[in-house]
Structure formats: structure tokens, C-alpha cells
Amino acid sequence: MVEVQWKLVFTVVLSFVSVAYGVTDPNDFRILNEFRKGLENPELLKWPESGGDPCGPPRWPCVFCKGSRVSQIQVQKFGLKGTLPQDFNQLTELSNLGLQRNHFSGKLPTFKGLSKLQYAYLGNNQFDTIPSDFFEGLDVLQILSLENNPLNMTEGWLLPTTLQNSAQLLNLTLSGCGLVGAIPDFLGTMSSLSVLQLADNRLSGGIPASFKQSQLQILWLNDQIGNGLSGPIDVIASMTSLSLLWLHGNQFTGTIPAGIGALPSLTELNLNSNRLVGQIPESLAKMTLLKKLDLSNNNLMGAVPNVSGNFLFASNQLCQSTPGVPCAPQVTALINFLGGVNYPSRYVSSWKGNDPCGGSWLGITCNSVQKVLILNLPDNKLNGTLDPSVGELDSLTEIRLQANNITGTVPKSLTSLKSLTLLDLSANNIEPPLPQFSGSVKLVIDRNPLLMGGNHPASPSPDNSSPHSSTTNPSPPATHSDSPQRPPKVKSSKKSKLVVIVASLASFAGLVLCLVLLSMYCRKKRKGSLKASSSFVVHPRDPSDPDLVKIVVSNNTNGSASTATGSNSESISSGTGDTHVIESGNLVIQVQVLRRVTNNFAPENELGRGGFGTVYKGEMEDGSRIAVKRMEAGIITNKALDEFQAEIAVLSKVRHRHLVNLQGYCIEGNERLLVYEYMPQGALSRHLFHWESLKLEPLSWKRRLNIALDVARAMEYLHSLARESFIHRDLKSSNILLGDDFRAKVSDFGLVKLAPDGMKSVATRLAGTFGYLAPEYAVTGKITTKADVFSYGVVLMELITGLTALDEDRSEESRYLAAWFWHIKSSKERLTAAVDKVLDVNEETLDNISIVAELAGHCTAREPNQRPEMGHAVNVLSQLVEKWKPYDDETEGYTGIDYSLPLTQMVKGWQEAEGKDNSYADIGDSKGSIPARPTGFADSFTSADGR
Ligand SMILES: *[C@@H]1O[C@H](CO)[C@@H](O)[C@H](O)[C@H]1NC(C)=O
Ligand SMILES: *[C@@H]1O[C@H](CO)[C@@H](O)[C@H](O)[C@H]1NC(C)=O
Ligand SMILES: *[C@@H]1O[C@H](CO)[C@@H](O)[C@H](O)[C@H]1NC(C)=O
Ligand SMILES: *[C@@H]1O[C@H](CO)[C@@H](O)[C@H](O)[C@H]1NC(C)=O
Ligand SMILES: *[C@@H]1O[C@H](CO)[C@@H](O)[C@H](O)[C@H]1NC(C)=O
């Protein structure tokens, strides 16, 4: 049907523009003809044999033009055979090329200078040669896929560094195309890159350290042919955007970094078939998003963490195969000891299973009741420290570790070994102080240069090789009773965690250049008391509010990262720029007016600041207050302007009692301003998290319940508007604003996205705030209304617990509120303990809270289709609010309204009050003041939108 209409339109248009026949640029025409000539089966293209013009009309199949120039060729999966013309790069206007899944062969022509090329899909062909200047000048390249082409197979090829100039590169898929050598460093510093697939090549060497700061979401390095990749994989613990990580089929060594459990979006982790050692980090059990984990075929030891799901651990040296079951205590202690000396491979391969006394464990001697008596690993080049857990092998009689390279101090725990008779640590590198051993222990510590005071290094002290502690102990026990400790090994300091989290935030947004600048800003700031974990743009005047934050999506897609710093240098008189008028003019407000009412955007009128700009309060001439959002735009491109206008079109369409109202806007020169109704009590986050410092009264449960319901109604409205559906994309407690009646309105529609009819999933660039992001949105960028439902669930959790969605200062398990809440919500005790301490909890409130907790759980279900619609939340909550009614009037009714009066009198009283005093109560000081125009009351008369 639609197609028929289009054809009709097409023919009508055709009849008018037949003069345009033959417009294609002659050179582009020539290259297309060469392209055809290079094919063995050109007929598949259905290009007209003679005559006709590629750009049409009618345009040739598979060819798209911009004006007279060819901009796209799309022939994926056509079965085409042949070669490409070598002057292909003269199609200089080409922006999108789809040649994937054909049988193209021979030499790839250079793409040098294709400065408009954004998408290049060349994968799954038979191209056998790639010229070294192929990647030069691909300035706007976003997607490059060359996978599965036998490129330069005999000698292999290295990725040319010129590729790093493609600063907008998002996806680089080069699996199975003959790459050799090391992974180039620059791939780690391309801040836009989010997908890197290099599997099935012949790469070698390690993962470059530069990957630490990368924002990759998908990384495939698996199955390298030949020696494979090697070295440690510690760097992955800082790659906080990772969702898919495939490193299997290589030669990676070392341990799985403990920090891996903190990767917030990891869903698939394949580390199988490497040479990893050590224990499996417990933290893996807490990764709620992890769906696939394969650790099989390594040399891992110890217990399997209590993971649920079909995770693979086979072919390791594990003590148990059942998740959650610990090793025998002796085994745990021995593995920790081995960890201290960095898992020497000889012992790793011999210390298998859960019984050290079965006879096969190298260096271990047991007694008849299966207790370890002797630890005998002399002369083994053991590197590392002596782990305190050796002190748990309580039947040990002898420890023989002479002639190794053990550093650090002797742990005090060894003094508790009652049966110990010999501790031989001679010829190592032990440091003082030595703990005090009982007289029954023969302590051999000669040839430890640091213990000898460094005066006679390595010179064997003759005849005093059996000193007792009483004679050689260099210092009295009291002074070092708690000092022997393992030096910290993998524990990252607080500072580095912050770096990690900053990087993670940055990487989450992934695609936008401006993030780099912002993250640098954050890094600079991290030394302060800021909770950088949840902030991106931090309000410089209120660093205590971590909610004034947003992962920014720059409004101009061309990647310009400028945040206007020069805008405040404009003078007041500069209002003469071109004014754009959008739709009906009655929402347009002149910039001079807004300058006046905000006192020229005076700092003292600043209400808050987010990624999109700064919000100022202003007082109009009629006394009404407004909030003015001034977008930080820098140089405004036409595209940005279009988007801004589209946004206004959206904003002026949505009207709801619980959505902050757009009252006007202004576009003049470089200024882009939005005018909203003023919400005197500010953001919900202030009242939940900062009430103490702001000297506010904490919100009662009843108020929280009402707020939850208000927000649910607003979201339901957004999601189910008559013909279109809107997705907020950034619902969070700092975007929920409160009126003086403490009823809530949802704000910040800067991110609202129009969901097309019928299809409620839209792929977008990532926007939103860490901690509130639905997993599927974070991972795929595909957004549905269910992503809002997830964020809403997180807000409910905040209302219950008074905890922020994300707080780096909290323990690892409770860092992400959503993840932690899932663990506690099912247990009544734990839930009760988690309820915000400021709430007055009685039996009935608690019942309520558990219902809301359950709702929060449903809203944050991992699978989007298991989350309810917002209407469900409205139903659940409205019942609770209603049930709550009897308490309503006693404690906290709407301020200043006497509901016992007849309606007409109430309205009259209100009108009088309005005549007298038109100002709202000041922020932070609402107590006792009577708002001249109670918002909730007035709105209940004026809102015509229903719901
Ligand atoms: C691939 O091989 C060709 C011919 O041997 C050579 O000219 C070219 O530089 C190689 N490509 C790369 C990227 O090294
Ligand atoms: C980039 O890669 C991801 C992951 O493979 C894929 O889902 C996405 O469609 C790719 N983007 C484009 C534009 O090809
Ligand atoms: C593992 O976790 C499950 C719940 O996820 C729990 O029921 C079980 O008791 C745990 N097992 C151990 C051994 O801790
Ligand atoms: C011990 O450490 C040194 C230097 O760190 C290293 O060269 C050596 O290979 C290590 N030895 C063992 C057995 O791990
Ligand atoms: C001993 O360990 C130290 C510190 O790890 C290292 O610098 C040194 O190279 C090692 N010596 C040997 C012989 O492995």
C-alpha cells in the first residue's frame, strides 16, 4: 500500500523533472561502469545495459546519489564475483558502501581520501591484498568492516597508524583478515571506538596498556593463529564499558584480575583456553548482568564462586566443581600460599583437587590423618611473598623455602603454628622485622641481605646458620606485633578506583568526543570530595550534589565538543541576531526579556547545571517565577538547531500535571533557551540525599509514595500518548522536581525520543545516567519504554533506601543500588535494615515498603519484557496511596489550604492571596510559608490533559 503510494508520488515527480536526466557526474559514471565491467556476473546488479543515468531518474538499482554524485552503493549478499576498479577512491562523495557477503576478490583499491565515507562494509569477500595507504584521510569513518578476507595472507599485514586519524570510528571489525604483529597501541586511545573485533588473526604480544582508558564495549581478541596473544590481562579490569569480552584461545597468563567483578555491564566473558592461573574472583558471582562465562581450559585453582547459570569451568585445577562450595581449609591455605609466590607453574599443575595428602602434590608431606606436616619447596626460584594463610596449616612442623627469592616480611601468623620446629628461609630476600617465634622453632634466615642490616649482603654467615629467634630477632615483639603483612598486591587504591569509574562513565557514552574533555575535567577534579562516581558535569558551586550530572550526548552530531565558555562575554545589547520562529510564535520569548529576568544570567540565580546547560531562575514582570535553561551550544550548526527545534516541538506537545511545563523558548544568535515553570522545592535528590546539608526536612514515607505515584503517572502518560510514544531516557531523582506541596513533576526532556508508531524500540546514541541505565540499553543502545521503567525502578529503590543509584564510596556489593537491592529485597530482614533510617517505620509502612520494593524489583528485571508497563506501577501505587488516605490530613496536607471551606470560598481566598503576595517560598525555606499559588491545587483545575 505504502509502496504503491510512493510509486505514484515517484511517477508524478518524474514527469516534472525529466529535464534532470543525465545528471550523474561523468567521472562517477565512468567508475560505476568500470565497477560493472570488473564483475563476472554484472547482470545481478540489474543495471540498465545502455543509456540511463545512475542517479536517475530512474536511479539505478543499488546506487544512491546526492545531487550528481554517487553517495552509496549497496550490493550486500548479491553473489557478485569480480574485482573492484583501482581508482575507486575517486568516488569522493561516497558515504556508505555495502559490499559485504559477496565474492569480490583481488586487490582492494585504496580508499585514501574518501573523506565523506562513514560506513564501509567489505567483510566476507575474497579480497587478497590491501594497500598500505588504504586508511589515509578517512576523516569521518564510523564503521569499517573487513572481516573474513584473506588479506596479504602470506606475509600478513599490520594495521597502519593512519587509521587513528579516523576520530569518529565506532566499529572496527577485522576478524579473520590476516593481521600480524602486536595489537597497535593507538586502538586503546581512540575514544570513539566501541567495537573492536580482531579475532582469528595472527596477532601476538599482549593487550596494550593503552586499553586501560578505552571505552570499548565489545572486544574480541580470541583464537589467534600461531603463538597467540600472551601476557597478563589485568588491564581489562579498568575497561569499564565492556559488555562482551572474548579472549579465548590464546596464551594469556597471570590471574583473572579481582576487579573484573566491578565491570558494570559485562554480559559475556570468555577466557577459556588460555594459561590463566590463580583463583576465580569471588566478585564474578555478583555480576548480575553476566550471562555467559567460560573459564574452562586454564590453570585456575581453588573454589568456584557461587554463580548461578550455565557457566563453564572445566579443565582447570579447581578443588571443587560445585559453585559456592569452598575448598578444604588446608587447600585454601596452600593455594593462598602459592598465590603469594605468584603461582609457579610446576606447583600449579601438580596441586590439583581437594586433597593435598593424596600423594600427588609436589612438596607436600602429610601425616597419617591427612594433615599437612611439611611444606618443602626449596630452590625453586619462587618469587613473591609469604602469605599469612600458611599460619592456618596448623599441623605444620617444617617449612623449607630456602634458596628462593621470597621478599617482604615473615607473617606473624606463622608464630601460631604450635608444632612448627623448622622454618628455613635462608638465601631469600626477607625484610625485617621478624616476628617472635617460640624457642622450639629453629629459624634459619642467613643469606637474607635485608635482615643482615644490608652490611654483608649475600655473604653466608658461617656457623650461625641455626640462630634461634631469641638471638637473631632484631627488634622486640611489641614494636612490630601487627606489622608483618603482605604488601598489597592487587588491591587498587581508592584513587585508581576513581579513575576506573571515571573511565567507565566516559566509556559508557562511548561515542561522543566531548566525553573525553569531560572526563578529563572529572579526573582533574577527583582529588576533591566529589563523588566522581556519579558525576560527569559537576556544578562548580555545589560540589556536594552528585546528581547534577549527566552523561552527555552532544547535540551536534558532527562531534564538536565545544562547551560554550565564551557565551557569557556577550553583551546585553546583542539581541539583534537572526531570530528563528518555530511553529506558532506564542511560545517565543525574546532573549532580552530572559536576560532581564535572570539578571543577565547572574550566578546567584543559578539553580543547577547539567550536561545540556545551566538552569537559572527568573522572576517575570507579573511576579511569576520561571526556570530558564540556557543551552551550552558553542557554535551552533544547522543540524543542532534542527534538533533543538525538534525538541521544542516535542516539548510543546507533552502536557501533563506531573511533567514540568515548557512555557517558552528563545533562539537568537548563539542563544538557545528553554523556559519552564519554576519548581520551588527543587530536585527530589536534594530531599533524599542532601537534606541534612541543605537543612531540609527529610521526606516522609507518605510523601515518597505520592512522589512515586506522580512520576509513574507522568511516565505512563509519556509512554502511551495517543499516537506517539515518548521515551524519557534519563529518568532519575535529580530530574524529578518538587513543588511546595511536595508533589512531583518530571523534568529534563532534553532526551525525549520519539518512538515511531508500532515500533517501540529505537536505536539511539547512548544517553542517560550511570546507575539508572537499563542493561540492554547500555549494551545495545536500543531503547524502548522499558528502559525508562528500569530507571523508574531505581528511583523507587532510592525512595526506599535513601541511597543514591551509584556511589563509589559504598562497598563493592552495594555500589550499584539496583544490583544490591536485588540481593536484599527478598529477605524481609535485610530489606528492613536497608530502609532509609530517617523513615518512621511501623508495621504498616513496612508492608507498604515491601510492596514498593517488589515493584522496584519487577521494574528492574533483567529482561525488558519482564518489566511491567508504567500503568502497572500506577495501579500498585495508587492503591497504596489511597489506603494511606486517613493519615493524609493530619500530618502533611497541602500547605495552607483549608479543605473544610466550600470550593468557591477556597478559590476566593486563593485569589486574594495571589493579589497580595505573588512570590513563591524560597528554596530550602518552605516551612511555614504559604505559597501564593499552590501548584497542585491550581493544576488540578487547569490541567485538561487528563490522567
Ligand atoms: C599488502 O601486500 C601488498 C603487496 O605485497 C603491499 O604492497 C601492501 O603494503 C601490504 N599491505 C599492508 C597494509 O601492509
Ligand atoms: C557496530 O557493532 C555492533 C556490535 O557488533 C553492532 O550491533 C552494530 O550494529 C554495529 N554498527 C553498525 C552501524 O554497523
Ligand atoms: C549460592 O547462592 C544461592 C542463591 O543464589 C544460595 O541459595 C546458596 O545457598 C548459595 N550457596 C552457597 C554454598 O553459598
Ligand atoms: C621472578 O621475578 C623476576 C623479575 O620480576 C623474573 O625475571 C623471573 O622470571 C621471576 N621468576 C619466576 C620463577 O617467576
Ligand atoms: C627477585 O625478586 C625481585 C623482586 O621481585 C626481583 O627484582 C629480582 O629480579 C628477583 N631475582 C631473581 C633472581 O629472580
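Predicted, not measured: the structure shown is a model, and the values here were computed from it. Atoms within a ligand are numbered from 1 in the order they appear, just like the ligands themselves. Only heavy atoms go into these numbers, but all of them, side chains included; no hydrogens, no water, no symmetry mates.
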Shortest protein contact, [atom] (heavy atom only):
| atom | value |
| --- | --- |
| atom 11 (N) of ligand 2 | N171 ND2, 3.0 Å |
| atom 14 (O) of ligand 1 | W157 CB, 3.8 Å |
| atom 5 (O) of ligand 1 | E155 OE2, 3.1 Å |
| atom 10 (C) of ligand 1 | N152 ND2, 2.4 Å |

Task: Side-chain donor-acceptor pair present, N148, N124, cut-off under 3.5 Å - done: yes

Open item on the list: Run L99 and V75 through side-chain contact (heavy atoms from CB on, under 4.5 Å) and show every step you take.
Closed with: CA-CA 5 Å; L99 303 183; V75 294; 3.5 Å; yes

Open item on the list: Does only the side chain of I218 get under 4.0 Å from ligand 2, or the backbone, or both, or neither? Count heavy atoms.
Closed with: side chain

Open item on the list: Below the 3.5 angstrom mark, is there an N/O of P131, backbone or side chain, next to an N/O of ligand 1?
Closed with: no

Taking the side chain from [X] and the backbone from [Y], do they hold a donor-acceptor pair closer than 3.5 Å?
| X | Y | result |
| --- | --- | --- |
| W246 | D223 | no |
| D788 | H728 | yes |
| N33 | I31 | no |

TODO: Using a 4.0 Å heavy-atom threshold (strictly under), name the region of T129 that reaches ligand 1: side chain, backbone, both or neither.
DONE: side chain

Task: Distance in Å, L289 CG paired with E776 CD, rounded so as to fall on 0.5 Å steps - done: 10.0 Å

Open item on the list: Under 4.0 Å from atom 7 (O) of ligand 1, is there at least one protein heavy atom?
Closed with: no

Task: Atoms in ligand 1 flagged as close to S132, the criterion being non-hydrogen separation under 4.0 Å - done: 9 (O), 13 (C)

- [ ] Go through D133 and T110 one step at a time and tell me if the side chain to side chain donor-acceptor pair (under 3.5 Å) criterion holds.
- [x] CA-CA 6 Å; D133 60 357; T110 182; 2.9 Å; yes

Task: Contact atoms of ligand 2, heavy-atom distance to Q197 under 4.0 Å - done: 5 (O)

Open item on the list: Could you tell me, atom by atom, which parts of ligand 2 come under 4.0 Å of a heavy atom of Y121?
Closed with: 12 (C), 13 (C), 14 (O)

- [ ] State yes or no: are the ring centers of F135 and F111 separated by less than 6.0 Å?
- [x] no

